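Keep in mind that what you see is a predicted model, and the values were worked out from it rather than measured. These values consider heavy atoms only, across backbone and side chains, with no hydrogens, waters or symmetry-generated copies.
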Amino acid sequence: MAKLAPVDTSQIQTRLLIGGRWVDAAAGGEIAVINPFNGQTIVSIAEAREEDVDRAVAAAKAAGPAWAALPAHERGRLLLKLADAIEADKDYLARLEATNTGHPVRDCLSLDVPRTVLCFRYFGGMADKLEGSVVPVDAGFLNYVEREPIGVVGQIVPWNFPLMFTSWKLGPALAAGNTVVMKPSEITPLSTLRIGELIQAVGFPDGVVNIVAGFGHTAGQRIADHRDIGKVSFTGSTAVGRAIVRASAGNLKKVQLELGGKGPNIVFEDANLPAAVGGSAFGIFHNQGQACIAGSRLILHEKIADAFLERFVSLARSIRLGDPLDTETEMGPLTSRLHHERVLSYVGIAQTEGGEILSGGKAPDRPDLAGGYFIEPTIVRAPPAHRVQHEEVFGPFVSVTTFSDDDEALAIANGTAYGLGSGLWTQDLTRAHRFAKHLHAGMVWINCYKRVHPASPFGGVGESGYGREMGFEAMREYTQAKSVWINVDAKIPPFYVR
Ligand code: NAD
C-alpha cells in the first residue's frame with residue numbers, strides 16, 4: 001500500500017474566475033465540497049448565482065473580439081503552454097481529482113490527467129488547421145466559406161470526469177476563437193478551478209475563460225437562457241438536457257448535448273473469452289461505473305454465458321476497493337451520497353422485478369470503508385424488459401442477459417432510447433462490420449471498450465444527445481459557416497427588364 005499525501009486544503013482555489021480575477025460570489029453564498037471517501041467537507045467554495053453568470057458573460061463578451069482576432073497559432077500556443085503546465089502539475093491535480101471525485105489516484109495519474117494534457121495539446125495543434133472551403137457554384141462567381149467563432153459559449157460540466165471534460169470543452173472552444181463561461185458541477189468543481197489557475201499562470205488574456213461554480217437550477221439555468229451566449233455545450237443527464245433545450249429557445253442559441261447512455265456490450269460465442277472478460281470489466285467498473293459510455297448491459301451468447309460469468313464474477317469480486325489516494329486501490333467510492341443511494345435503489349428495483357443478483361448489490365462490509373460511499377461491483381441477471389436493462393444506473397452495476405442468434409443480439413442492443421457507446425467481442429470480421437453498421441450508437445468498440453482519443457469524435461444519437469466533442473467535428477461545433485459570394489465575371493440576367 002502506498003498512500004499519497006492528501007492535498008493541502010489551504011492551497012485549493014475556491015473563488016470564481018471572472019474577467020481574469022478571482023472574486024467572491026455577489027450574493028456571498030458558499031457550497032461545501034465533500035470528500036466521498038469520508039463524507040467530510042474538503043473546502044467551501046463560492047457559489048455562483050445568476051448575477052455572477054451575468055458578470056462572467058459580460059467579461060467573456062468583452063474579451064471576445066480580441067481573442068477571435070488573435071492569429072490562430074497564438075491561441076494554439078497558449079493551449080500548448082496550458083498542456084505543459086497541467087503535465088507539470090500532474091501529481092497535485094491527480095490527488096485533487098481523487099479527493100473530490102473518489103476516482104482511484106492510479107486512474108487519475110494514468111488516465112484522467114494524461115488525457116487532459118493530450119486533449120489540450122491536440123486542440124493547441126488544431127487551432128491553425130481549421131480551413132474553410134471554396135464551393136463550385138454558378139459560372140462567374142467565387143463562393144468561399146469561412147468558419148467563424150460563435151462568440152461567447154456556455155459550458156456545463158458534470159461530476160463524473162470533471163478534469164477531463166473541462167479539457168474536452170475548453171480545448172476546441174478556445175482553439176476556434178470563442179470565449180467561455182464554464183460551470184463545473186457543484187459536486188466536483190475543484191480540478192476545474194485548478195485549471196483556471198493554470199490558465200491564468202500561462203497568460204490567457206483576461207475574460208477569455210471564466211469559471212463560475214454553482215448549482216444547476218440557478219447558475220446553470222442562467223447560462224442556458226442567457227441572451228448573450230451563442231451556444232451551450234452540456235454534458236449531463238438526459239432530463240437536464242431537455243431543460244437546457246427549452247431554456248435555449250429564448251435567443252435560439254446552438255445547443256450541444258452529451259447525455260446519458262445504457263451501453264450494450266455483446267459477447268459472441270467466438271470471442272476471446274479472457275480478453276472479453278477483462279475488457280468488459282473495465283467497460284463497466286472503471287470509475288465506479290460512473291461513465292456515460294459504461295458498458296452497462298452485458299449481452300452474452302447463451303453458449304458461453306456460464307463460462308464468461310464464472311470468470312467475470314470472480315474478477316469483479318477481486319477488484320480492490322479502498323482509499324482513492326492509495327495507489328493500490330482499483331475502485332473508490334461513488335462521488336456523492338445521494339448518488340450512492342440512487343444506485344443502491346436500483347438493486348431494490350432489480351430484486352422487485354425478479355432479477356438475480358450474481359455478485360455485489362450492497363456496500364462492502366468493511367469498517368475501513370464505512371465512511372465512504374462505496375458499493376461492491378454488482379452483477380445482475382435480468383431479462384431485457386426489466387427497468388435495469390433500460391434505465392441508466394450510472395454505478396458499478398451491470399445488467400446481464402443472453403441471446404441465441406445475431407438478430408436477437410442486435411434487437412436487444414438497440415432496444416433502449418439511448419445510443420452512446422456500444423461494443424462487441426468476436427473474431428468474425430464480417431459480423432463485426434455488420435454490427436458496427438447497425439448498432440444505434442455514436443461509438444462502437446470492437447474487441448475493446450471505452451476507448452477515447454481527442455482526435456476521434458465523441459457523442460451520441462437518440463436520447464444520448466446530439467453534437468460531437470473531439471476531433472474536427474468539435475471544431476465545426478464551435479464555429480459557424482459564413483458563405484461569401486463574389487461576382488468575378490458573372491453576367492447576371494436582368495430580373496427587371498425595363
Ligand atoms: P446532471 O444533468 O444532474 O448535471 C450536469 C450539470 O448540469 C451539472 O453541472 C449541474 O449543475 C447542471 N445542471 C443541473 N440542472 C441544470 C439546469 N436546470 N440548467 C442548467 N444546468 C443544470 O448530470 P450529472 O448527475 O452531473 O452527471 C451524470 C449524467 O451525465 C449521467 O446521465 C451521464 O450519462 C451524463 N454524462 C454524459 C456524458 C456524455 O458525454 N454523453 C458524459 C458524462 C456524463
Side-chain angles (χ1 to χ4, degrees), residues 261-286 289 291-319 330 355-360 377-386 388-390 396-416 418-453 456-458 460-462 464:
K262 192 71 186 172
N265 180 22
I266 312 166
V267 185
F268 290 94
E269 70 282 12
D270 65 342
N272 171 336
L273 220 53
V277 167
S280 301
F282 173 75
I284 180 63
F285 296 130
H286 167 241
C292 51
I293 52 174
S296 53
R297 288 185 295 146
L298 255 179
I299 304 170
L300 306 177
H301 193 281
E302 58 191 15
K303 277 193 191 146
I304 50 90
D306 289 344
F308 180 97
L309 284 172
E310 195 183 325
R311 287 169 183 251
F312 190 69
V313 167
S314 152
L315 195 163
R317 290 188 176 146
S318 74
I319 291 175
E330 293 174 321
E356 183 191 355
I357 313 290
L358 302 179
S359 191
T378 298
I379 305 166
V380 176
R381 194 196 279 268
H386 281 196
V388 292
Q389 293 283 9
H390 291 268
F397 183 118
V398 63
S399 310
V400 183
T401 190
T402 56
F403 66 94
S404 57
D405 62 40
D406 285 16
D407 287 348
E408 190 188 3
L410 191 63
I412 295 171
N414 286 344
T416 76
Y418 292 116
L420 194 60
S422 62
L424 53 131
W425 301 83
T426 181
Q427 318 263 11
D428 179 337
L429 195 60
T430 307
R431 170 195 272 157
H433 283 296
R434 195 169 62 243
F435 271 75
K437 185 169 178 58
H438 294 296
L439 279 167
H440 184 67
M443 289 155 289
V444 180
W445 295 287
I446 298 168
N447 295 329
C448 57
Y449 210 93
K450 249 174 86 165
R451 300 299 310 177
V452 293
H453 189 280
S456 179
F458 182 104
V461 298
S464 292

Nearest 0.5 Å, what's the CZ-NE2 distance between Arg381 and His386? 12.5 Å
Indicate yes or no for a side-chain donor-acceptor contact from His440 to the backbone of Gly415 under 3.5 Å, with no hydrogens or angles considered. no
Output the distance between atom CG (Asn447) and atom CG (Leu424), rounded to the nearest 0.5 Å. 7.0 Å
Minimum side-chain heavy-atom gap Asp306-Glu310 below 4.5 Å: no
Could you tell me which non-hydrogen atom of Ala305 sits nearest to which non-hydrogen atom of Thr402, and how far apart they are? CB-CG2, 3.7 Å
Between Leu273 and Phe308, is any pair of side-chain heavy atoms under 4.5 Å apart? yes
For residues Gly419 and Ser464, report the shortest heavy-atom separation together with the two atoms involved. N-OG, 2.9 Å
Gly421 and Pro264 have their tightest heavy-atom pair at O-CD, 3.4 Å
Any side-chain heavy atom of Thr378 within less than 4.5 Å of one from Val398? no
Are Ser399 and Lys262 close enough that some pair of their side-chain heavy atoms sits under 4.5 Å apart? yes
Hey, does Val267 have a side-chain heavy atom less than 4.5 Å from the side chain of Phe312? no
One should read off an interatomic distance between Phe403 CZ and Lys303 NZ, to the nearest 0.5 angstrom, of 10.5 Å
Give the minimum heavy-atom separation between Ala291 and Lys450, together with the two atoms involved. CB-NZ, 3.7 Å
Nearest 0.5 angstrom please: Thr426 OG1 to His433 NE2, how far? 11.0 Å
Nearest 0.5 Å please: distance from the CZ atom of Phe285 over to the CD1 atom of Ile319. 5.5 Å
Heavy-atom distance under 4.5 Å between the side chains of Leu420 and Met443, does that happen here? yes
Please check this pair: side chain of Asp270 against backbone of Asp428, looking for a donor-acceptor N/O pair closer than 3.5 Å. yes
Would you check if Trp445 and Ile293 make a side-chain contact, meaning some heavy-atom pair closer than 4.5 Å? yes
What closest approach, in Å, do Tyr449 and Gly279 show between heavy atoms, and which atom pair accounts for it? CB-O, 3.9 Å
Taking every non-hydrogen atom, the tightest pair across Arg297 and Ile412: NH1-O, 2.9 Å
Should Pro274 and Asn272 count as side-chain neighbours, where that means a heavy-atom distance under 4.5 Å? yes
Counting neighbours of CZ on Arg451 that are heavy atoms of other residues, nucleotides or ligands and sit closer than 6.0 Å, is the number greater than 12? no
In this structure, are over 12 heavy atoms from other groups packed under 6.0 Å from Glu302 atom CD? yes
Between CG of Leu439 and CG of Asn414, what distance do you get to the nearest 0.5 Å? 5.5 Å
